[in-house]
2 protein chains.
Amino acid sequence: MATPTPQAAPPGGLRERKKQRTRDALIRAALELFTEQGYDETTIDEIAEAVNVSQRTYFRYFANKEEVVFAVQEMVEARFLEELRERPAAEAPLTALRSAVMVAWDEIGSAIESVVPVELHMRSYRMIESTPALIAAHLRRSSDLEEQIARLIAGREGLDVDTDPRPRVVVAAFCGVMRVAGKVWGEGEDCSVASIRTLTQSYLDHIGPAIDDDWRAR
Amino acid sequence: MATPTPQAAPPGGLRERKKQRTRDALIRAALELFTEQGYDETTIDEIAEAVNVSQRTYFRYFANKEEVVFAVQEMVEARFLEELRERPAAEAPLTALRSAVMVAWDEIGSAIESVVPVELHMRSYRMIESTPALIAAHLRRSSDLEEQIARLIAGREGLDVDTDPRPRVVVAAFCGVMRVAGKVWGEGEDCSVASIRTLTQSYLDHIGPAIDDDWRAR
DNA sequence: GAGGCTAATGTCAGCCACTGACAGTTGACA
DNA sequence: TGTCAACTGTCAGTGGCTGACATTAGCCTC
């Protein structure tokens with residue numbers, strides 16, 4: 001589902017479809033092995049063997065061991081950026097960011113399901129937050145995304161991201177808060193999509209008040 | 001290190017001093033090689049050879065290849081935390097953070113010099129920001145620091161960091177902005193301490209206005 | 001549908017980061 | 001001075017990752 005093709009059969013020839021299947025199989029196998037026995041405890045040979053390809057083939061699909069973990073995440077991020085681009089120009093920056101996140105959360109479910117079970121993806125998210133090597137990779141990716149968002153916001157407001165600090169500053173604040181929300185969610189009990197959505201919303205609502213000088217006054 | 005030694009001149013016996021010298025030599029050699037020929041292009045064997053120790057010995061001082069890069073950074077961060085702890089309780093959270101950073105910037109110079117030339121440290125900072133593997137490590141470390149700061153701020157305000165989102169939210173916003181400032185500085189021309197200090201100050205001043213709804217109104 | 005073209009894959013050799021085990025060396029201290 | 005413990009070197013081995021080359025298999029033309 002979510003494929004923009006008229007026919008049920010995916011685009012391209014047999015070769016293309018075969019590649020897609022191998023890629024998806026590698027992602028599924030990797031996430032299953034990682035979440036079951038741990039990231040460090042799983043070798044790439046095991047993943048390759050589970051899909052019946054050589055280790056060398058794995059590295060032709062993914063540049064390194066980490067990349068396969070973030071394949072689904074990448075889809076979600078693309079979805080968010082799309083949504084942000086479609087927000088009305090009248091919305092204030094922080095409002096647009098907030099709205100885009102909320103809409104994205106409501107729609108990614110089905111997109112994820114086309115590659116891996118949502119539950120597996122959620123377990124993977126938690127694994128990322130508890131594996132040092134993956135936390136690092138996750139943060140680096142988030143940082144790249146942050147840069148993209150900042151340029152997008154600057155574009156909306158007709159500003160130059162290199163001379164006016166405000167786009168990068170709001171986005172930095174926004175992304176910082178988003179990361180914290182994700183982290184707190186990962187440590188909590190409820191691992192549902194609804195749960196992370198609520199948490200995100202609540203944390204974003206606190207940016208303004210938290211910046212204020214006197215917390216005790218409210 | 002961090003031993004409660006009564007004397008300042010001889011921090012211990014001959015053995016202790018020898019260890020300290022080896023450690024400092026490894027840091028200096030590593031930073032010099034990394035900044036000269038690149039991080040990825042430098043092997044640990046080269047670093048070890050430059051200090052006349054075995055590769056195995058390097059790994060007894062540093063857990064991995066990245067760690068040696070952040071040895072100086074660690075000192076700076078410790079200095080900042082110290083400063084933050086000493087800020088008067090009357091100061092608002094964001095103000096205290098801001099002040100602590102400014103004071104820290106003014107004092108770290110001499111502390112750094114005791115291990116490596118400040119200029120080498122500044123070049124290292126730039127290398128970090130332009131090496132993917134090090135960016136990731138840097139962000140992970142920053143994330144850990146962020147957690148410490150959040151707990152400290154929560155303590156100041158008499159709040160529980162796990163129930164009240166505000167400490168983590170301000171700190172996330174603050175640290176996000178700090179990272180952006182560091183990044184922008186790394187891409188600029190002027191690599192002086194004064195330069196990063198000014199930039200930091202300017203960016204922090206923009207948090208409030210950037211959160212506001214209408215940027216065009218000001 | 002036989003042939004050539006080319007993308008995808010397998011195999012192999014090798015580099016480098018990192019680790020455990022064991023042995024040799026050298027400060028510390030009685 | 002001799003013993004103990006800490007520090008270091010050597011060696012062997014694992015796992016991530018890459019380049020080179022041979023092999024397989026989809027695609028396209030005649």
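So you know, we letter chains A, B, ... as the sequences are listed, proteins then strands, and number each from 1. Side chains are part of it too, since the values below use all heavy atoms of this structure and drop only hydrogens, waters and symmetry mates.
Nearest approach of K65(A) to Y58(A), heavy atoms of both residues: O-OH, 3.4 Å. Nearest approach of H121(A) to V72(A), heavy atoms of both residues: CD2-CG1, 3.4 Å. Taking all atoms of both residues into account, the shortest heavy-atom contact from A181(A) to L199(A) is O-CD2, 3.2 Å.
When DNA chain C is scanned 5' to 3' for any atom under 4.0 Å from a heavy atom of chain B, the first and last hits are dC16(C) to dA28(C). Nucleotides of DNA chain D that come within less than 4.0 Å of any heavy atom of chain B span, from the 5' end to the 3' end, dA5(D) to dT10(D).
Salt bridge annotation for R28(A)-E32(A): absent, with no cationic side-chain nitrogen under 4.0 angstrom from a carboxylate oxygen. Salt bridge annotation for R168(A)-E147(A): present, with a cationic side-chain nitrogen under 4.0 angstrom from a carboxylate oxygen. The existence of a salt bridge linking E187(B) and R126(B) is excluded, since no basic side-chain nitrogen approaches an acidic carboxylate oxygen closer than 4.0 Å. Ion pairing of K183(A) with E129(A) is absent here, as no side-chain N (NZ or NE/NH1/NH2) approaches a carboxylate O to less than 4.0 Å.
Within residues 58-67 of chain A, the residues having any heavy atom under 4.0 Å from DNA chain C are, by residue number, R60(A), Y61(A). Within residues 48-55 of chain B, the residues having any heavy atom under 4.0 Å from DNA chain D are, by residue number, N52(B), V53(B), S54(B). Near DNA chain D, meaning a heavy atom under 4.0 Å away, there are no residues from residues 125-144 of chain A. Contacts between residues 30-42 of chain A and DNA chain C, counted as heavy-atom distances below 4.0 Å, involve no residue at all.
Judged as a ring-ring contact (aromatic ring centres under 6.0 Å, His included), and not counting sequence neighbours, F80(A) has no contacts. For S99(B), the side chain to side chain contact (heavy atoms under 4.5 Å, CB included) partners are R87(B), E91(B), T95(B), not counting sequence neighbours. Residues passing the side chain to side chain contact (heavy atoms under 4.5 Å, CB included) test with L152(A), sequence neighbours excluded: L81(A), L84(A), R85(A). For R141(A), the salt bridge (charged side-chain N to carboxylate O under 4.0 Å, His left out) test picks out E74(A), E77(A), with sequence neighbours left out.
Applying the ring pair (Phe, Tyr, Trp, His ring centres under 6.0 Å) test to every pair with at least one member in residues 176-203 of chain B, sequence neighbours left out, gives these pairs: Y125(B)-W185(B). Pairs engaging residues 34-63 of chain A under the salt bridge (charged side-chain N to carboxylate O under 4.0 Å, His left out) rule: none recorded [sequence neighbours left out].
The CZ atom of R98(A) sits 9.5 Å away from atom CZ of F174(A), with the distance rounded to the nearest 0.5 Å. Remark: I207(A) CD1 to R166(B) CZ distance equals 14.5 Å, nearest 0.5 Å. Here T35(A) contributes atom OG1 and I128(A) contributes atom CD1; the two are 11.0 Å apart, rounded to the nearest 0.5 Å.
Side-chain atoms of S130(A) come within 3.5 Å of backbone N or O of M127(A) as a donor-acceptor pair.
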